[in-house]
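Report on the following structure.
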Amino acid sequence: MKKRGVGVACNWYGIARTATIDRAGAWAELDDGGTGKVAVGVTEIGEGILTVLCQIAAEELGIRPEDITLSDNDTARAPEAAHAGATRQTYMCGNAVALACRDARKRLDKVLAAHWEVEADEIEARAGRIWPRSKPEQAMSMAEAVHLCKSRGVVPVGSGSFTAHGTPLDPDTGRADVWQTYVFGTQIAEVEVDTGTGEVQVLKLTAAHDLGRTINPQGVEGQIEGGVVMGLGYALMEEFVLDQGVTRTPGFSKYILPTSLDIPEIESVIIEDPDPNSPLHAKGIGEPSMLATAPAIINAIYDAVGVRITQLPASPERVLEALREKEARERAAAAER
Amino acid sequence: MLELTVNGKQVRKPAKTHMRLLDFLREELYLTGTKEGCGEGECGTCSVRVNGELIKSCLMPAVKAQGADVVTIEGLAKDGKLHPVQQAFIHAGASQCGFCIPGMVMAAADTLEKNPHASPEELREGISGNICRCTGYRKIFEAMDLAAEIMTGRCDSATLDIPQEAPPSYIGTSVPRVDAKSKVTGALKYAADMTLPNMLHVKVLRSPFAHARIKSIDTSLAEAMEGVEAVLTYKDVPGEDGFGVFVLDQPSFAREKVRFVGETVAAVAAETEIIAREALAKIKVEYEPLPALFDPEEAMAEGAPVLHNDYPKNLSRHVKIRKGDVAEAMARAEIIVEGVYGTQVIEHAYLEPEAGIAYLEPDDTLTIVSPSQNITHHRHDLAKILNRPINKIRCIMSPVGGGFGGKEDQTVQPIIALAVLKTGRPAKYVFTREESFIVSAKRHPFRIRYRTGMTKDGRIIASECRIIADTGAYAQSGPGVMVKAAVLSNGPYQIDNVWVDSISAYTNNTPSGAMRGFGATQMHFATETQMDRCAERVGMDPLAFRRLNCLRDGDETHTGQALPSVSLLRTIEGAAKAAGWEEHVPGSRHGRTTAADRVEVKGS
């Protein structure tokens, strides 16, 4: 018999390094042809940060994402940006790049302000065009603007350093301002439990997450979907088994991962509560996307069949055993009556 | 002599007898778009077409491809135009780390070319032999649906063209991934895809014991082998040999003792991988097995063997949170709910096994290229281990084929660095899948005890939480994991009285380290299951229970931090609305909603 149930779980998470100060640096340059060069010390592990940084740099420099050349992640050729983890890439590297680009634009805009005889703060640029608000007819291409700037002896370069503040925990009480920005989320799982086999199929997973401000909606969905499925594996099937220190699951034939046949419908609901402490107001989504998934599924199993799984994963064997124990309990209770 | 057609071109090359088709493609033809994710036919990253059939090239001996027509990811585009499946993958944002993507695209293209009218279920079935760890598959399904539309002519391929018009802002716009094309075509070079002239191949001898004293290591027979350039042990480490994220307790090469099965004992750098493997068998290590610990609570018990001299009680980290007066609040609580939870060890299972390539530059800078999630920190550690000025070490982060925290801690880096310093030649080391499983850090297993004190109308007034984690043989990211677990335990709820002990112990299990969520993943399972139980005990809907207790603007966290803006309620309402949440008390309707019932209701 197959029975359905729904379950909910909430999550919270802090952005960037925990209980300490965090930092990231970046360099930027408006380059020939109206292109942009950006160097930042750490980037892509698959989450899409290269694209996010190109979007941020394009927006700040007034050019297009495809005009950006990103440096390699190289301790000898790029400023430090610390590490690729802690849901810190968009927040730390993104803001460092934004600040570096603004700095480069300041150099460019100063030269152009003199050329146009306007205040620098009335210069606008977008997608490869640059103009003073009061004289839009004098708009020029960014390629021309960079050429003009260099002909006046100025290379439009900039740098940025972004800091996130967290304080260490008091060793006795744990008191601390752990992160300067937090995200929250709620996920709801709908599952179907086969009471004959103990198998659990997740039918739908609704994931609502605050991420501050969305840079790339498709990328955000990708992070949520990936996190949810990693959470599904955590809830239902994955287990690295050690026996006296020797693993019994040394490869993919023994360590079971979610495949294309295990995937629920996933609906992402994006909530934006802008971060007031950073230029971009974006927070992050990488890790928080998976936190609520396993408990939402476990709570849904309880709603469906009344068994509470307290040891992960809720493998078919474990669910079946719990169902049998429940039946035995109910029989014993009935016999007593 | 192997003669075959690869991507439409005649190829005639000698193939070594041991070679699999995968090796022949990668090593002889430099077609590195075909990846090795597992070497046992389970992951699908090596998928290619042979005579029109999709196969896993890690399972096929190269000689079996004699006369065959082979198509790899590099041959999928025709006349400079990407295959519709490749275009659709770019359009749908179906690649993340990209390591599974060449194989995934091959499987998707094969499925769709054989039957472009395949049902959604058949399309999913078609890629079920290919694992993706990043995307959650949804965008891959979208891409396949889209490609089907194009390939059946139901939709014009022009819909896949990238719009040229600039959006009002690039922030908030789904700009196509800048690296997507390099991933769907197999052009992107991961560390294992790189080769350098005169490069040596490194292999490592690993401990078969969980805990043992090393009495002696005899490398003489291995060193005497033709083709062996160097054998490395702890004796070759010039500096202070210790790495780690918070404490430097892990040596590059075991010294005096081994503390887990799989620990690095010796390494061989040789002309070929085969010679290196053969040489490992000739290294003689004498061990004296020691009593081992596999349970964190036993490890902290009185009289347990000591694993690290600096940690006489095997206690790695103890984090405390003390807010309010929990004893007093528990005493006046009308309901107390207790719960015990356990979580398992988890493998990151990124599709790209750890790999690295290192070389000396003309100015004597030692460069290490690897899929490291933390080149900054690795450079710090390596400067100490190698006893070298920090600016003479250059760490480059190669494209990371999945990390999830598992590539924050060092694996291949010190070994290849030392191989280069000892030989002066470039050195490369690629983990097998089994090595990746045995050596790299895992997600910590937790044991969690909760006591939640409530009023009878469901307000949480006290929460007590005790966490015991197994950090394994070395701390790696563990101390930080215990901090995050402590801080985020007890959930995003307003609770005046909170007591937390978050403890990790050393054992002789595989080291635990950083993994997505970093201690919070384990805690959320326990906390949110506990919340469901609490809601049940007070007869409340679980969402209503959370609305009652959740943090609101201006509230203080368990560590006493005031949060000006708390978006939790907005996410609760957002999720409830999208999912069509129906109010109920947990446990009140078991068995009410069977699939059969649902179908009947829908049909009526």
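The chains referred to below are lettered A, B, ... by the order of the sequence lines, with proteins before strands, and numbering in each begins at 1. Every value quoted in this text rests on a predicted model; they were computed, and no experiment measured them.
A donor-acceptor pair is defined here as one N or O able to donate and one able to accept, closer than 3.5 Å; such a pair exists between the side chain of B:Arg516 and the backbone of A:Gly286. Using a distance-only test at 3.5 Å, with no hydrogens or angles considered, no donor-acceptor pair links the side chain of B:Arg570 to the main chain of A:Asp210. Remark: side-chain polar atoms of B:Thr559 are not paired, donor with acceptor, to backbone N or O of A:Arg175 under 3.5 angstrom.
Heavy atoms of B:Thr135 lying under 4.5 Å from chain A belong exclusively to its backbone. For a residue to count as touching a neighbouring chain, one of its non-hydrogen atoms must lie under 4.5 Å from one of that chain's; by this rule B:Phe209 does not touch chain A. Only the side chain of A:Leu242 comes within contact range of chain B, with heavy atoms under 4.5 Å apart. For A:Thr247, the part sitting under 4.5 Å from any heavy atom of chain B is the side chain, from C-beta outward, and nothing else. Only the side chain of B:Ala210 comes within contact range of chain A, judged by heavy atoms closer than 4.5 Å. Both the backbone and the side chain of B:Cys395 come within contact range of chain A, each with at least one heavy atom under 4.5 Å from a heavy atom of that chain. Looking at A:Pro288, there are no atoms closer than 4.5 Å to chain B (heavy atoms on both sides), in backbone or side chain. For chain B, the nearby part of A:Leu257 is the side chain; its heavy atoms alone come within less than 4.5 Å. Residue contact with chain B, scored on non-hydrogen atoms closer than 4.5 Å, involves the side chain of A:Cys54 exclusively. For B:Ile131, the part lying under 4.5 angstrom from a heavy atom of chain A is the side chain only. For chain A, the nearby parts of B:Glu347 are the backbone and the side chain; heavy atoms of each come within less than 4.5 Å. Using a 4.5 Å cut-off between heavy atoms, A:Leu205 does not touch chain B at all. Heavy-atom distances place the backbone of A:Ile63, and not its side chain, under 4.5 Å from chain B. Proximity to chain B is limited to the backbone of A:Thr249, based on heavy atoms less than 4.5 angstrom apart. Looking at B:Leu488, the atoms closer than 4.5 Å to chain A (heavy atoms on both sides) sit in the backbone and in the side chain alike. With a 4.5 angstrom heavy-atom cutoff, B:Asn508 touches chain A only via backbone atoms. Proximity to chain A is limited to the side chain of B:Arg379, based on heavy atoms less than 4.5 angstrom apart. With a 4.5 angstrom heavy-atom cutoff, A:Glu272 touches chain B only via backbone atoms. For chain A, the nearby parts of B:Gln522 are the backbone and the side chain; heavy atoms of each come within less than 4.5 Å. Residue contact with chain B, scored on non-hydrogen atoms closer than 4.5 Å, involves the backbone and the side chain of A:Val8 alike. For chain A, the nearby part of B:Pro176 is the backbone; its heavy atoms alone come within less than 4.5 Å. Looking at B:Phe141, only its side chain comes within 4.5 Å of chain A, counting heavy atoms on both sides. Only the backbone of B:Pro168 has a heavy atom closer than 4.5 Å to any heavy atom of chain A. Using a 4.5 Å cut-off between heavy atoms, A:Leu261 contacts chain B through its side chain alone, with no backbone atom that close. Contacts of B:Phe294 with chain A are made by side-chain atoms alone, with heavy-atom separations under 4.5 Å and no backbone atom involved.
Of the listed residues A:Thr87, A:Ile298, A:Thr18, A:Ile263, the one with more heavy-atom pairs under 4.5 angstrom with chain B than any other is A:Ile263. Note on A:Gly46, A:Ala76, A:Gly48, A:Ala19: by heavy-atom pairs under 4.5 Å with chain B, the leading option is A:Gly46. Interface summary for chain B: among A:Gly227, A:Ala292, A:Ala207, the most heavy-atom pairs under 4.5 angstrom belong to A:Gly227. Interface remark: of the candidates A:Gly41, A:Ala127, A:Gly185, A:Gly185 forms the most heavy-atom pairs closer than 4.5 Å to chain B. Interface summary for chain B: among A:Gly233, A:Gly245, A:Ser260, the most heavy-atom pairs under 4.5 angstrom belong to A:Ser260.
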Residue pair B:Val487, A:Trp179: steps toward the side chain to side chain contact (heavy atoms under 4.5 Å, CB included) verdict: CA-CA 10 Å; B:Val487 169; A:Trp179 296 281; 3.6 Å; yes

Open item on the list: Apply salt bridge (Lys or Arg N to Asp or Glu O under 4.0 Å) to residues B:Arg133 and A:Glu238 and explain how you reach the verdict.
Closed with: CA-CA 12 Å; B:Arg133 187 59 156 166; A:Glu238 293 180 37; 2.6 Å; yes

For A:Asp74 and B:Arg394: C-alpha separation, side-chain torsions, deciding distance, then whether salt bridge (Lys or Arg N to Asp or Glu O under 4.0 Å) applies.
CA-CA 7 Å; A:Asp74 181 334; B:Arg394 177 184 180 197; 2.5 Å; yes

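Partner of A:Trp12 under the side-chain contact (heavy atoms from CB on, under 4.5 Å) criterion, out of B:Leu551, B:Thr527, B:Thr571: B:Leu551 alone.
There is a side-chain donor-acceptor pair under 3.5 Å between B:Ser169 and A:Glu59. Inspection of the B:Ser565 and A:Asp273 side chains reveals an N or O donor paired with an N or O acceptor under 3.5 Å. When only modelled atom types and interatomic distance are considered, B:Gln344 and A:Gln311 share no side-chain donor-acceptor pair under 3.5 Å. Judged by distance alone, the side chains of B:Gln561 and A:Tyr182 do bring a donor and an acceptor atom under 3.5 Å apart. Inspection of the B:Tyr137 and A:Glu225 side chains reveals no N or O donor paired with an N or O acceptor under 3.5 Å.
For the atom pair CD1 of A:Ile68 and OH of B:Tyr170, the computed distance is 9.5 Å after rounding to the nearest 0.5 Å. Note: B:Arg322 CZ to A:Asp170 CG = 11.0 Å, rounded to the nearest 0.5 Å. Distance check: B:Glu573 CD to A:Ile271 CD1 gives 9.5 Å after rounding to the nearest 0.5 Å.
Taking 4.5 Å as the limit, every side-chain heavy atom of A:Thr310 sits out of range of all side-chain heavy atoms of B:Val340.
By the 30° and 60° cut-offs, the orientation of the rings of A:Phe240 relative to B:Phe437 is tilted.
For B:Arg533 and A:Tyr302, the positive end is not near the middle of the six-membered ring at less than 6.0 Å and at most 45° from its axis.
Using a 4.0 Å cut-off between charged side-chain N and carboxylate O, A:Glu44 and B:Arg177 make a salt bridge.
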